[in-house]
Participant: 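Encoded as structure tokens, here's the structure I'll be asking about.
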Amino acid sequence: MKKYKYIILLLLNILLLGCIPDKFTENLPNKNIELKKYLGTWYEIARIPNWFEKNLVGVTATYSIKENGNIKVLNQGYKNQLNGELKKAIGEAWIPDKNKTGRLKVSFFGPFSADYIIIEIDKNYQYALVGSGKDFLWVLSRTPNLESNIYENLLNKAKLLGYDISKLKIVLQ
């Protein structure tokens with residue numbers, strides 16, 4: 001019975017969050033992207049901790065084009081340690097406004113979706129800063145490591161936008 005209560009509360013939470021306009025997210029800047037360059041695997045360098053990635057390390061996100069033109073999202077990571085149990089989540093993303101290609105929607109739960117905003121991206125698509133609301137922020141890289149000066153620049157950008165960067169945690173890769 002506890003399991004069902006948890007699932008119902010989770011779905012209710014997602015539904016309510018998706019219905020409330022979020023001024024913080026609406027005001028986030030976004031970098032327009034060339035989707036083909038963004039596709040592929042990204043390593044999660046740091047994140048503000050969240051329930052759906054709890055205790056995950058070695059986290060990657062892999063994006064590919066689906067037959068319907070949307071984006072397949074494969075998030076995966078290992079429980080507690082790099083040789084731990086592999087956890088996967090498969091979702092779908094799309095660009096709702098073709099004039100704002102850095103503002104995507106992503107869904108892992110049927111009709112429920114969340115914002116996925118590419119706040120900053122390297123001109124060569126080697127690192128990115130991605131946010132959604134004030135409590136979701138990720139630093140991504142094409143490699144498992146990111147130069148410290150690049151990381152610090154991304155943190156400064158996030159701080160200027162109003163993120164509490166003291167919450168960011170480095171992800172073991």
Side-chain angles (χ1 to χ4, degrees), residues 22 24-66 70-95 100-108 113-173:
D22 177 1
F24 182 86
T25 302
E26 287 176 14
N27 292 325
L28 282 175
N30 71 280
K31 298 291 183 179
N32 281 331
I33 62 164
E34 291 180 50
L35 184 56
K36 286 183 181 181
K37 289 183 180 180
Y38 195 77
L39 299 176
T41 299
W42 292 86
Y43 292 85
E44 190 174 281
I45 303 301
R47 68 173 174 257
I48 292 179
N50 55 66
W51 61 269
F52 50 88
E53 291 181 292
K54 186 176 181 178
N55 298 321
L56 291 184
V57 300
V59 178
T60 60
T62 303
Y63 305 98
S64 58
I65 294 292
K66 296 178 65 166
N70 285 348
I71 304 153
K72 177 183 176 185
V73 180
L74 169 61
N75 288 347
Q76 54 187 4
Y78 299 92
K79 194 78 170 163
N80 297 316
Q81 54 193 8
L82 292 175
N83 63 352
E85 179 186 357
L86 180 64
K87 299 287 187 176
K88 293 182 181 185
I90 297 174
E92 185 166 348
W94 61 94
I95 299 170
K100 297 179 181 178
T101 57
R103 295 182 86 80
L104 293 85
K105 290 285 190 179
V106 66
S107 175
F108 288 92
S113 65
D115 294 303
Y116 180 97
I117 300 166
I118 301 165
I119 299 167
E120 189 64 55
I121 190 158
D122 169 52
K123 66 180 179 177
N124 296 315
Y125 289 71
Q126 295 304 299
Y127 58 83
L129 181 66
V130 176
S132 179
K134 213 168 190 168
D135 296 320
F136 298 96
L137 184 69
W138 295 269
V139 175
L140 305 176
S141 175
R142 292 294 190 175
T143 61
N145 300 299
L146 188 61
E147 292 178 28
S148 61
N149 63 322
I150 294 170
Y151 181 73
E152 290 302 321
N153 287 337
L154 293 173
L155 293 189
N156 289 334
K157 172 97 178 177
K159 185 176 182 178
L160 288 172
L161 291 171
Y163 282 100
D164 181 355
I165 61 169
S166 69
K167 292 181 179 178
L168 271 173
K169 302 296 181 203
I170 301 290
V171 177
L172 176 65
Q173 284 290 347

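All heavy atoms count here, side chains included; hydrogens, waters and symmetry mates do not.
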Participant: Tell me, do Y63 and W42 make a side-chain contact under 4.5 Å, heavy atoms counted?
Facilitator: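 Counting from C-beta outward, Y63 and W42 do come under 4.5 Å.
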Participant: Check side-chain hydrogen bond (donor to acceptor under 3.5 Å, both in side chains) between D164 and all other residues, then give those that pass, not counting sequence neighbours.
Facilitator: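 Applying side-chain hydrogen bond (donor to acceptor under 3.5 Å, both in side chains) to D164 gives S166.
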Participant: Rounded to the nearest 0.5 Å, what separates atom CG in N55 from atom NZ in K87?
Facilitator: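 These two atoms lie 10.5 Å from each other.
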Participant: Who pairs with E152 by side chain to side chain contact (heavy atoms under 4.5 Å, CB included), at least two apart in sequence or on another chain?
Facilitator: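 Per chain and number, E152 pairs via side chain to side chain contact (heavy atoms under 4.5 Å, CB included) with L155.
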Participant: Please determine whether side chain to side chain contact (heavy atoms under 4.5 Å, CB included) holds for the pair I71 and L35, giving the CA-CA distance in whole Å, both sets of side-chain angles, and the decisive distance to 0.1 Å.
Facilitator: CA-CA 9 Å; I71 304 153; L35 184 56; 3.7 Å; yes
Participant: Just by modelled atom types, is the N124 backbone N or O under 3.5 Å from a matching donor or acceptor in the D122 side chain?
Facilitator: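 Checking the backbone N and O of N124 against the side chain of D122, a donor-acceptor pair under 3.5 Å is found.
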Participant: Only distances under 3.5 Å count here; give the side-chain donor-acceptor pairs of residues 72-83 to other protein atoms, sequence neighbours excluded, each with its distance to 0.1 Å.
Facilitator:
{"unit_1": "Q81", "atom_1": "NE2", "unit_2": "N83", "atom_2": "OD1", "d": "3.2"}

Participant: If you take all heavy atoms of G133 and T25, which pair is closest and at what distance?
Facilitator: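 Reported closest heavy-atom pair: N-OG1, 2.7 Å.
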Participant: From the options I48, V130, L154, select the one residue that forms a side-chain contact (heavy atoms from CB on, under 4.5 Å) with L137.
Facilitator: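 Considering I48, V130, L154, a side-chain contact (heavy atoms from CB on, under 4.5 Å) with L137 is found only for I48.
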Participant: Holding to side-chain hydrogen bond (donor to acceptor under 3.5 Å, both in side chains), I want the full list of residues that pass it with K167, two or more places apart in sequence or in another chain.
Facilitator: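 Not a single residue meets the side-chain hydrogen bond (donor to acceptor under 3.5 Å, both in side chains) criterion with K167.
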Participant: Taking the side chain as everything from C-beta on, heavy atoms only, tell me whether N30 gets closer than 4.5 Å to I118.
Facilitator: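 Sidechains of I118 and N30: no contact.
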Participant: Determine whether the aromatic ring centres of F24 and Y163 lie less than 6.0 Å apart.
Facilitator: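 F24 vs Y163: aromatic centres under 6.0 Å.
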Participant: Could you tell me which non-hydrogen atom of I165 sits nearest to which non-hydrogen atom of A158, and how far apart they are?
Facilitator: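 Scanning both residues, the minimum pair turns out to be CG2-CB, 3.9 Å.
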Participant: If you define the side chain from C-beta out and look only at heavy atoms, does anything of Y116 sit under 4.5 Å from F136?
Facilitator: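 No, their side chains stay 4.5 Å or more apart.
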Participant: Enter the distance from I117:CD1 to L129:CG here, rounded to the nearest 0.5 Å.
Facilitator: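 Going from CD1 on I117 over to CG on L129, the span is 11.0 Å.
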Participant: In this structure, which one of R103, K105, K134 forms a salt bridge (Lys or Arg N to Asp or Glu O under 4.0 Å) with D115?
Facilitator: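 Running salt bridge (Lys or Arg N to Asp or Glu O under 4.0 Å) over R103, K105, K134 with D115 returns exactly one hit, K105.
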Participant: Indicate yes or no: at least one non-hydrogen side-chain atom of Q173 is less than 4.5 angstrom from one of V57.
Facilitator: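 Heavy-atom side-chain distance check fails, nothing below 4.5 Å.
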Participant: Applying side chain to side chain contact (heavy atoms under 4.5 Å, CB included), name anything that partners K31, two or more places apart in sequence or on another chain.
Facilitator: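 Partners of K31 by the side chain to side chain contact (heavy atoms under 4.5 Å, CB included) criterion, ordered by chain and then number, come out as E120, I121.
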Participant: Might you point out which heavy atoms bring I95 and K100 nearest each other, and give the distance in Å?
Facilitator: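 So the two residues come closest at CG2-O, 3.9 Å.
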Participant: Are S107 and W94 packed together at the side-chain level, in the sense that at least one heavy-atom pair is separated by less than 4.5 angstrom?
Facilitator: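 Yes, side chains in contact.
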Participant: In the structure I gave you, are the side-chain heavy atoms of L28 and L161 within less than 4.5 Å of one another anywhere?
Facilitator: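 L28 reaches L161 side chain to side chain.
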Participant: For N70 and K66, indicate whether the former's side chain and the latter's backbone hold a donor-acceptor pair under 3.5 Å.
Facilitator: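 Pair absent, no side-chain N/O of N70 close to backbone of K66.
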Participant: Looking at side-chain heavy atoms only, is the closest gap between S132 and V106 below 4.5 Å?
Facilitator: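 Not in contact.
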Participant: Under 3.5 Å, which donor-acceptor pairs link side chains of residues 138-145 to any protein atom two or more places apart or in another chain?
Facilitator:
{"unit_1": "W138", "atom_1": "NE1", "unit_2": "E44", "atom_2": "OE1", "d": "3.4"}
{"unit_1": "W138", "atom_1": "NE1", "unit_2": "E53", "atom_2": "OE1", "d": "3.0"}
{"unit_1": "S141", "atom_1": "OG", "unit_2": "T143", "atom_2": "N", "d": "3.2"}
{"unit_1": "S141", "atom_1": "OG", "unit_2": "T143", "atom_2": "O", "d": "3.1"}
{"unit_1": "S141", "atom_1": "OG", "unit_2": "T143", "atom_2": "OG1", "d": "3.3"}
{"unit_1": "R142", "atom_1": "NE", "unit_2": "Y125", "atom_2": "O", "d": "3.0"}
{"unit_1": "R142", "atom_1": "NH1", "unit_2": "L39", "atom_2": "O", "d": "3.1"}
{"unit_1": "R142", "atom_1": "NH1", "unit_2": "T41", "atom_2": "O", "d": "3.2"}
{"unit_1": "R142", "atom_1": "NH2", "unit_2": "K37", "atom_2": "O", "d": "2.7"}
{"unit_1": "R142", "atom_1": "NH2", "unit_2": "Y38", "atom_2": "O", "d": "3.2"}
{"unit_1": "R142", "atom_1": "NH2", "unit_2": "L39", "atom_2": "O", "d": "3.2"}
{"unit_1": "T143", "atom_1": "OG1", "unit_2": "N145", "atom_2": "O", "d": "2.7"}

